[in-house]
Amino acid sequence: MKDLPERPAPGELLAHNANLFFDPGKTSSETAPEKTGKQHIGFRIHEDEFLMPMEPVREILMPPTITFVPRSDPMLEGIIALRGEIMPVLNLRRILGFPRGHTVATTRVIIVRTEADGLGVIVDDITEFVWLSEAEIENVEQSVFGAPFSGVTGTGEKMRAIIDVAKLVKRFSATGATEA
Amino acid sequence: MNSEELLEDVTAEAADIIEKLQQATERINLLLSGETGEVPVDEVHELFRYIHTLKGLCQMGGFVDLHKIIHATEDLIHAVRQGTRPLTLDDLLAVEDAVTSCEQILSKSHAQEPALTSPSPPESANISKFFERSEGLFAVTAPPGSYASLADLESSEAVDALRRSCDILLIRFAPEGCLIVFASELDSTILEALLGMEAHALPKTPDLFSRLPAPWNTLSLSTAADESAAPAAPPVAAPPELPKPEPSQAPREPQVAAEDFDSENLGQPPPNVGDLDAEMVTDFITNAGELLDALSQSILDLEANPDSTEAIESIFRTAHTIKGTAGMFGFRAIEKLTHVMENQFDRVRKGQLVATPPVVDAILFGFDRVRGMFAALQKGQSPEMPINDALARLHGAETGVPPPKAVEKPAGCPAHVEAAPAHPAPDAEKKDNADGKGKHDSSAGTIRVDLRRLDSLVNLVGELVIDRTRFLQIEEELRSQSMDSDLVHTMSEAVLLFGRHMNEVQNIIMKIRMVPIGNAFFKFNRVVRDLARECNKEIDLHIQGGEAELDKTLVEEVGDPLIHLIRNAVDHGIESPDVRAGKGKPRKGNIHLSAQQDGNMIVIQVRDDGKGLQVDRIREKAIKQGLIKETDPLSEKEIFNLIFEPGFSTAEQVTKISGRGVGMDVVKKSIVKLKGVIDLDSAVDKGTTITIKLPLTLAIIPSLMVETAGESYALPLVNVVESIRISPEEIQRIGNSDFVRLRNRALPLFRLTDLFGLHEIETRLWYRGFSAGTKWVRKRMTGDEGDETQLTPTLSSPLASRRNRPRVIFVVVGVGEKRMGIVVDQLLGQQEIVIKSLGPLMSRPDGIAGACVLGNGRVALVIDVGEIIEAVPRGGAGTAHPFIQSKERVDERPA
């Protein structure tokens, strides 16, 4: 890739370089001075920033070629192969009600491992890695968003929603199952 | 629906018979209690006929338990009819009870009884009698909706498999799911492998259902059965495989059978060892050699320590396994002998018999005979030897009576004995050990490997194959870019070598999983023999090509559908000898079972020279059932293939008359599941041929790669008939559908774009990645007819590319006789793909079998041709494919 990051962010360089394998333990010492609570990965989708717990995150990929799956869940962008394994890739813009996006130089796919299987989430940019204690996270009623969030944190300049991977997976596999 | 109709017919007819039976028993009752107390033979005959008819009806209706009860009753009356026992009032009572329970169950089934009912008293009694026996009790459950009806369940592969190897005690079919309780001598892991579903081992206590998953745990054995069992018990207790209820007969019975064994069985043709596949026999011997060694060790343990329950258990189990395997091969003598030994140990185990030296001696004697038979088998001789002496010794030891005179020399046919090293127990030990070593030598080259390890190896090799493809592409690109550098040459060479070695590795690894298809065939000899005898037919089974190899899982999976087909051939295909003679055919029917490799496929044929299918009848029935219209111009072959339609198969009326169709849709489903195709041809009075084509392996599928809308798709080659390019003008539009005339047949055309809604791609795929930079490099193709296609790098808009192209490319795909054309943008050539599931998170969309990873790291979907073709409406012209929502046309002719 010839591109330079248009908008350097704390996690940008790392995410860029570590696109093949990402080691949360190593990065934590570089990016987060205080290590209380849980580490979270921050990313941007459209113009909003979100956080996701680092625990299930396994890899951060440069966007691969995504294969279209006919008659599939609207949340599903398509499938990719990760070292021979087929993996669904989700497009959160759709459930968040954001406008259409497209691949840019900073676009990444975050691979998370869940109990059932791995899946990818497309994000427009990786912004930072932060440690959040429980006190910094405020639980929010699910009904407020209608989106798979587990809470909101006020750390940083603006409020950011924390994406709940388990809820995401549940919602995805549930809609997928009913559609078939 | 049809099964319900059938059930109705059966119950109605059974009600008639039951009425007649009741009248008959009443008459006989009067006669018995009359002055003379004698019953005319005619009356008994009539009674027997009714019971026999009722039995047949029960079987037809799938009332397994009822069938058993009636069968036992029939045996009873048969004995009376033969004059071997007088007809007593008790017998009559038993008949009446059987008839009553029959009436009850039938009327219940008529009233659509909810299946979540606990076992009826006769069923409870039937189950509880197994508490005493050595067989384990098991249950399998199926989730709701697994089977459409009771008849569907009854004709399912699982039940079929169970019926062959186990005693089915209870079948429940309900909206809540299905439950089958059965007794089996196998252990649960083997059963699970056999059935492909979880087998719950049940405790042998009255609360045996308590450990089953809900809702079955609410069932309970009816304890009231004990009190009320009195009426129900006699018929239940009388099944032929059980000792007769009269205690005086119990000990005598097995002995009588033992004395009879040699003369009865050695006269029959033993399975010809030459006919069995050598590798199978080797497998069997290897297996048995291990078991015999274990058995020998356990017997020695027992000798040293007669109280060792562990040794007894081990002997019991081992004898049991040998019995089972020998039974499968049809080696009756081994089966019988091990069976008797097993029984002895069962009794020892239960403390009914003490392992005294005579008992151990007798066991060792029998064990030596079994060894001798295996030795004979290994030398390629018939393993059948006289075993009367061994049986007599075993029985003698049991009763404490010294064995009859001949101890050293077997009493049977001496001709066999010479071939067999029948040593007396003690001094034979050493020699037998030597024999055992000999066995090991012959099997020294084989090891057993955990299948999972092999699977992961196969997967890895699959990945390597992909890597190789990728290297190939890189190399080609390198060559096209940088002219003639040494480095490129070296690279080319390395890639070439890599490819060559990869091929070898792939071949070998695939070979490891390959077993001769004969492994699935060998049991058919037995099936045909037994079935033919049952139907009073004379049939020869000819097996050819058992050595053709295919994937182990495939061999296992194909066994059941094949059994179905062979049973059909015996049952309905081949006529009875008299009918055949009347038609001028030889009295003896023939069934040919052949396998033959054809490229990447294996072709299995079941051919009989029976009466064949009657086109008119099938057609009539199909019209009646609304499968086809009166006006549908169907070829004979298309009509034959109707019998694979679900719903058609259960049309019992047709089956009775024209002969075929039981569970043919089940057969087809299982073949399609294995990515295979099934085809049928038949000629009246010439016979029927069923051809099954299967891929050699499930892991790697040869496919035709196609491209549409910038996406690649794989079409399994097994379904591809040909690929054709025509000009758009040749496409004719009829109603909503497009057709093309191909060799004088109208072929429906569907655009892949429409089937898969690929117009949506632009709106659905937001992040198309860097696909714009992706370039399709032409792969080296093997014998591909798509050479004419230009494989230019293309990712232009699919619509534009189609407008500019003067030709329409389509792939003719087929399943059975059904054909359709799938219009694609490009053909990309053949490729071997490793099919993968879409993962547990995603539901599989219709028409997609899975995905595969291409050489360039991209994912391509594998099209499930079967599903797409099945979804094509039979109505033909004017109806849209259900996959298509929008009404776009295939040919967008340039304006």
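Note on naming: letters A, B, ... go to the chains in the order of the sequence lines (proteins, then strands), and numbering restarts at 1 for each one.
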Original post:
Hey, is the main chain of Ile66(A) close enough, under 3.5 Å, to the side chain of Arg858(B) for a donor-acceptor pair?
Top reply: no
Original post:
Side-chain contact, heavy-atom cut-off 4.5 Å: Pro88(A) with Leu838(B)?
Top reply: no
**OP:** Please name the pair of heavy atoms, one in Pro70(A) and one in Ile848(B), separated by the smallest distance, quoted to 0.1 Å.
**Re:** CD-CD1, 3.4 Å
Original post:
Okay, side chain of Glu711(B), backbone of Thr67(A): is any donor-acceptor separation there less than 3.5 Å?
Top reply: no
Subject >> Closest contact, heavy atoms only, Ile86(A) versus Lys836(B) >> reply: CG1-CB, 3.8 Å
Original post:
Considering all heavy atoms of both residues, which atom of Leu861(B) and which atom of Phe68(A) are nearest to each other, and what is their separation?
Top reply: CD1-O, 3.4 Å
Original post:
Side chain, backbone, both or neither: which part of Ile79(A) has a heavy atom under 4.5 Å from chain B?
Top reply: both
